[in-house]
Structures are given as C-alpha cells and as structure tokens.
Amino acid sequence: MKLFGMKNLTTRFLLFLFTVLSRQSWRTLYRLSDLLKYLIFDLVGYRKDVVLVNLRNSFPEKEEAEIQKIARDYSRNLTDLVVEAVKLRSITREEVNQRFTYDPRVFEHYYAQNKNLVLVLGHLGNWELANLFASLNFPHQVVVVYHRLANDTFEDWFYKIRTQFGSELVPMNEAYQKAGVPRQRPFMFLLVNDQSPRPDKAYWTTFLNQDTGVFRGVERIARQLDAPVLYGVIGRDENRRGHYTIGVRLITENPKEIPNNGILERQIKLLEADIRRQPANWLWSHKRWKHPRPAQLQPDQVLEVNFDCEKAD
C-alpha cells in the first residue's frame, strides 16, 4: 500500500509540474527541449543503440555520417514532441490553429456527400497536436482509436487533453464495436497504424528494407464502414520550429473492392515514402522490429499487393 501510495503521489506531482510548465511560453518550452535533448540523448544516451540500429537497417545505402545526423535531428524532434505535449494542457484554439497549414477541400468534399471517412496516419510529426487541430477544423466528427495508458491518473489527464476540443476517443479493443455507432454528423475514424502488433495476428510485408508486421484493424474497419480511406501525413515545417503541415492522399473510395491487405500495403508504402522525405520526423526510438516474422502464416497474412505510391492520389 505504501509503494502504491508513493507512486500515485509521484504521478500527481509530475502532472502538477506538467500543468505549471504548460503555461510557459513556446520559447521557454523549446529551451527546455534543448536541455532535455542534451540530458536524455547526449549525456545519458537514451535508446541510442535502438535508434542507430533502426536507421542503419532502414537506410543501408546511407553513409554513417548521415545516419548520425538523422539520429541527432531525431533526438531534438522527440524532445520537442515532449514539451509540445505538455503545452497541450493549456493550449488555446488560436495557438492550435497557428501551428498547422492544410487544404480543407478533401474533407469538405466527402462531408458534402454525407460520407464517413477512415484516416490513417503514422508516427510522423505531432499526432497529438494534429488531433486537436482536426477536432477544431475538420467538418467530420473526429473519432480517434487509441491505446489506454496503464496508469489511470495519467490516462485521465491525457484523456481530457485529447478530447478538449471535441474529439471522441475509442480504445483499440472497442474499435470494431464502436465503428458503426450512429453519430450526429458524418464522422472520421482516425488511426495511427505503425506500431508493432502481435506477430501471429499481423499482416506481413517489407517496410524500410525489413520484414514488418502491420496492424490489420485499419482494413477491417474500412471494410466494415465501407468508407473512403485517406492516408494523412504530418510534415514538419523545416523553417519554423513547432509548425506542421497536414497532407492527405486517397487510398481508396471503395475498400470492399480492394484486394485483401491492399489498403495496408498502400498505406505502408506511402508512409515509407514520407519517412524517406523527412527521416528525422519518425519515431525511431520505438522498437518497431522487435518481433520476427513467424515461420507459419495464413495465406492472407503474406499476400503481397504492389502499389506505386506515386499513383495513390
């Protein structure tokens, strides 16, 4: 009981500290980010080996000097994401809108047709901030599929942040049941689909020169809703720190007509192309390839469907 009480007290202190920090200026928070980068990555070397192994395996054609530069740029991007996540506790609508540029026409086009959407992202840019921007600006009701945090106190804190401008959160294990729940206006199911799934349940393909398992939920939900599937990318504005662009490309308007696993294959190829364009923008410290491909798979788990990502508009 004492240990549990101490952990809870520590959690509450951290959240109080985060709340205080969230009221600081962007300039102050980015100075904090620079300090965190030095302490966590330069001094301690947090997951340095994981980052470098992931980069070397993904880009065997790159020289070591370029790999090291991507790793350095990534470490700053990650600590920027940390302080930006803290800022979300007290961020205003105006501040959210100042951080993004996007073209609304695709979303307005489908909203005018009263069509629901499935939007799939990868861990590029600030996906948490993008959720708030989407809930403020997209005409659709934003429904975010997410993983609950193990710590209930942290979960409650982040839940309030993620839903503060109207997004609906759906836990991953409830996504299929809640995908078809009627809502007051057309909705957009938003999924981030580049985590590491259970090997025996995944769709397997080649991604960044490596055998990679992919969550199959995007395709299941798209077929269930029979809704257009869009791929979204959150790019960093390389001239303005903490500013982003949102780009959208059509994967398919008719998911039931796409070959099995075709939606996943097209999404992963688009994601790989965007990672290659801004390599430091992806989540390299995640142990994405910790599971090997199982020796025995069902036929539909290994089907290769080749799409040219440049033809996916």
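Residue indices begin at 1 and follow the sequence shown. Note that this is a predicted model, so its numbers are computed, not measured.
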Inset, instruction - Could you walk me through whether R223 and N260 pass the side chain to side chain contact (heavy atoms under 4.5 Å, CB included) test, one step at a time? - result: CA-CA 10 Å; R223 293 181 189 277; N260 200 27; 4.3 Å; yes

Legend entry - Partners passing side chain to side chain donor-acceptor pair (under 3.5 Å) against D156 (at least two apart in sequence or in another chain): none

Would you find a donor on one side and an acceptor on the other, under 3.5 Å apart, between the side chain of [X] and the backbone of [Y]?
X	Y	answer
Q164	I161	yes
T212	Q210	yes
K87	S22	yes
T163	Y159	yes
N131	R162	yes
S58	L55	no
D194	I268	no
R249	Y231	no
S33	L29	no
N126	L81	no

Is the closest side-chain heavy-atom distance between [X] and [Y] below 4.5 Å?
X	Y	answer
N57	W289	no
V50	N54	yes
D237	N239	yes
F165	V96	yes
L35	R31	no
E128	F158	no
E84	L88	no
N116	F189	no

Inset, instruction - Test N137 against N97 for side-chain hydrogen bond (donor to acceptor under 3.5 Å, both in side chains), laying out the working first. - result: CA-CA 8 Å; N137 293 279; N97 287 332; 2.7 Å; yes

Inset, instruction - Tell me, please, whether W26 has R99 positioned over its six-membered ring: NZ or CZ under 6.0 Å from the ring centre and within 45 degrees of its axis? - result: yes

Inset, instruction - Identify whether NZ of Lys or CZ of Arg in K37 sits under 6.0 Å from the centre of the six-membered ring of F41 and within 45° of that ring's axis. - result: no

Approximate separation, where rounding is to 0.5 Å, of [X] [atom1] and [Y] [atom2]:
X	Y	atom1	atom2	value
Q68	D73	CD	CG	11.5 Å
Q224	Q177	CD	CD	8.5 Å
L270	Q267	CG	CD	8.0 Å
D226	I221	CG	CD1	14.0 Å
L121	W127	CG	CH2	10.5 Å
Q278	Y74	CD	OH	14.5 Å

Legend entry - Whichever hydrophobic residues join V20 through chains of side-chain contacts under 4.5 Å: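 Taking Ile, Leu, Val, Met, Phe, Trp and Tyr as members, V20 shares its hydrophobic cluster with F16.
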
Any idea which heavy atoms bring [X] and [Y] closest together, and the distance?
X	Y	result
E219	L264	OE1-N, 3.3 Å
G262	I258	CA-CG2, 3.6 Å
A179	L225	O-CD2, 3.2 Å
A222	P255	O-CG, 3.4 Å
N281	I234	ND2-O, 3.1 Å
A71	V51	CB-CG1, 4.0 Å

Legend entry - R185, CZ atom: more than 12 neighbouring heavy atoms under 6.0 Å: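 Result for CZ/R185: enclosed.
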
Kindly work out whether a path of hydrophobic side-chain contacts (I/L/V/M/F/W/Y, heavy atoms less than 4.5 Å apart) joins [X] to [Y].
X	Y	result
I275	V53	no
L191	V181	no
V218	Y146	yes

Inset, instruction - Any chance you could lay out the side chain to side chain contact (heavy atoms under 4.5 Å, CB included) test for Y110 and M188, step after step, and finish with the verdict? - result: CA-CA 10 Å; Y110 288 111; M188 178 181 68; over 6 Å; no

Inset, instruction - Assess whether side chain to side chain contact (heavy atoms under 4.5 Å, CB included) is satisfied between E265 and Y203, documenting all intermediate values. - result: CA-CA 9 Å; E265 189 69 26; Y203 164 64; 2.5 Å; yes

Look at [X] together with [Y] and state whether they make a salt bridge at an N to O cut-off of under 4.0 Å.
X	Y	result
R183	E168	yes
R241	D34	yes
R56	E64	yes
E61	R276	yes

Inset, instruction - Measure up the F107 and F138 rings against each other and bin them: parallel (under 30°), tilted (30 to 60°), perpendicular (over 60°). - result: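 Plane angle under 30°, so parallel.
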
Inset, instruction - Evaluate the ring planes of H147 and F215, with Trp represented by its six-membered ring, and classify them as parallel (under 30°), tilted (30 to 60°) or perpendicular (over 60°). - result: tilted

Inset, instruction - Kindly indicate, with the supporting measurements, whether the criterion ring-ring contact (aromatic ring centres under 6.0 Å, His included) is fulfilled by W282 and F207. - result: CA-CA 14 Å; W282 197 52; F207 171 60; 5.8 Å; yes

Inset, instruction - Verify side-chain hydrogen bond (donor to acceptor under 3.5 Å, both in side chains) between E257 and T252, making sure each step is shown before the conclusion. - result: CA-CA 9 Å; E257 297 178 7; T252 180; over 6 Å; no

Inset, instruction - List the steps and the verdict of side-chain hydrogen bond (donor to acceptor under 3.5 Å, both in side chains) for S25 and T28. - result: CA-CA 5 Å; S25 68; T28 298; 2.9 Å; yes

Legend entry - Worked verdict on R216 versus N261 for side chain to side chain contact (heavy atoms under 4.5 Å, CB included): CA-CA 8 Å; R216 299 154 69 90; N261 299 313; 4.0 Å; yes

Inset, instruction - Taking the six-membered ring for Trp and the full ring for Phe, Tyr or His, determine whether the centres of Y46 and W284 are under 6.0 Å apart. - result: no

Inset, instruction - Please test F187 against H140 for ring-ring contact (aromatic ring centres under 6.0 Å, His included), starting from the C-alpha separation and ending with a verdict. - result: CA-CA 5 Å; F187 59 87; H140 291 76; 8.4 Å; no

Legend entry - ring-ring contact (aromatic ring centres under 6.0 Å, His included) partners for F100, two or more places apart: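 Expected list: F133, Y244.
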
